[in-house]
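In what follows, residues are counted from 1 in the order of the sequence shown.
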Amino acid sequence: MMRAWILPVLLVLYGSVLAAGLIFMGTPGAAAAVLLVFILLAGVNSPLMFPRPIGALEAQRRSAVDGRPIVLWRPGCTYCVRLRIRLGRSARQVHWVDIWRDPAGAAEVRSANDGNETVPTVIVAGQPYTNPDPAWVRKQLSRSA
């Protein structure tokens, strides 16, 4: 749970140090801009950007009922962030499993990717797809609706 917050916290701390240095150099406007950029980066890389994750077993149960895809992801993954951003509001229709919180989800990712924890891994109708195109995932959502 804590390691999901390491990158966002480091980004805020690093941005704060840079901003403090810029303030001491006499450029408070640049300091505010730098701090804002680092806070935005921290927000994008935080678990808060993603819908609330559920366990892999619960996701499988729900997907069997509603036919929606399952996304196995982890915080800090740039490809997961790209998928989340490109899905937009329809990201809430997907079942999200954080593999750092759920050992069953991590085991599922490893079994689908030759022992590697490559994310995002999207499961559609029981078939895993590693790092698929977000447009393809969006199409799968329209088919399940």
Side-chain angles (χ1 to χ4, degrees), residues 1-63 66 68-124 127-145:
M1 173 69 175
M2 285 302 297
R3 69 178 164 176
W5 288 99
I6 291 174
L7 180 61
V9 168
L10 287 176
L11 285 168
V12 169
L13 288 175
Y14 188 68
S16 299
V17 169
L18 283 175
L22 289 170
I23 288 173
F24 287 128
M25 290 173 46
T27 54
V34 165
L35 186 58
L36 179 63
V37 166
F38 276 88
I39 288 173
L40 289 174
L41 283 172
V44 166
N45 286 291
S46 78
L48 298 176
M49 184 179 162
F50 293 86
R52 182 175 287 286
I54 58 176
L57 298 175
E58 177 65 15
Q60 288 171 354
R61 186 189 67 73
R62 290 183 186 183
S63 181
D66 61 21
R68 294 180 181 171
I70 300 169
V71 176
L72 301 154
W73 69 285
R74 65 174 169 76
C77 167
T78 55
Y79 298 105
C80 298
V81 170
R82 176 185 74 121
L83 177 63
R84 169 60 184 96
I85 289 171
R86 298 267 311 272
L87 286 177
R89 290 182 182 210
S90 60
R92 298 230 178 257
Q93 299 173 7
V94 177
H95 304 295
W96 295 85
V97 177
D98 181 352
I99 66 168
W100 280 357
R101 284 187 178 184
D102 186 37
E108 193 166 344
V109 167
R110 285 191 300 271
S111 70
N113 296 300
D114 299 322
N116 298 313
E117 287 189 352
T118 308
V119 290
T121 298
V122 178
I123 300 173
V124 177
Q127 182 70 24
Y129 300 91
T130 304
N131 197 15
D133 184 74
W136 179 84
V137 176
R138 207 173 308 113
K139 273 188 203 169
Q140 302 310 309
L141 282 171
S142 64
R143 290 182 187 165
S144 67

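Scanning for side chain to side chain contact (heavy atoms under 4.5 Å, CB included) contacts around Leu10 gives Ile6, with sequence neighbours left out. Under the side-chain hydrogen bond (donor to acceptor under 3.5 Å, both in side chains) criterion, Asn131 pairs with Arg82, sequence neighbours left out. The side-chain hydrogen bond (donor to acceptor under 3.5 Å, both in side chains) check on Arg62 picks up Glu58, with sequence neighbours excluded. For Ser111, there are no side-chain hydrogen bond (donor to acceptor under 3.5 Å, both in side chains) partners, not counting sequence neighbours.
Proximity of a side-chain donor or acceptor of Asn116 to a complementary backbone N or O of Thr118 within less than 3.5 Å is not detected. Side-chain N or O atoms of Arg138 include one that pairs as donor or acceptor with a backbone N or O of Arg86 at under 3.5 Å.
Across all their heavy atoms, Leu7 and Gly76 have their closest contact at CD2-CA, 4.3 Å. Annotation for Tyr79 and Pro120: closest pair CB-CD, 3.6 Å, computed over non-hydrogen atoms. Closest approach of Gly105 to Val97, counting heavy atoms only: CA-CG1, 4.1 Å. Heavy-atom minimum distance, Pro132 versus Trp136: CB-CE3, 3.7 Å.
Taking CZ of Arg110 as the start and OG1 of Thr121 as the end, the distance is 11.5 Å to the nearest 0.5 Å. How far CD of Glu108 is from CG of Leu72: 5.5 Å, rounded to the nearest 0.5 Å. To the nearest 0.5 Å, atom OG1 of residue Thr130 and atom CD1 of residue Ile123 are 9.5 Å apart. Atom OG of Ser63 sits about 4.0 Å away from atom CD1 of Ile70, to the nearest 0.5 Å. The CG atom of Asp66 sits 3.5 Å away from atom NE2 of His95, with the distance rounded to the nearest 0.5 Å. Between atom CG of residue Asp98 and atom CG of residue Asp102 there is a gap of 8.5 Å, rounded to the nearest 0.5 Å.
Put simply, the side chain of Trp73 does not reach to within 4.5 Å of the side chain of Val94, judged on heavy atoms. By the 4.5 Å heavy-atom criterion applied to side chains, Trp96 and Arg84 are counted as neighbours.
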Side chains of residues 36-55: which donor-acceptor partners sit under 3.5 Å, not counting sequence neighbours?
from	atom 1	to	atom 2	distance (Å)
Asn45	ND2	Leu41	O	2.9
Ser46	OG	Gly43	O	3.0
Ser46	OG	Leu48	N	3.2

Less than 3.5 Å apart, which donor and acceptor atoms pair up between the side chains of residues 13-35 and the rest of the protein, not counting sequence neighbours?
from	atom 1	to	atom 2	distance (Å)
Ser16	OG	Val12	O	2.8
Thr27	OG1	Leu22	O	3.0

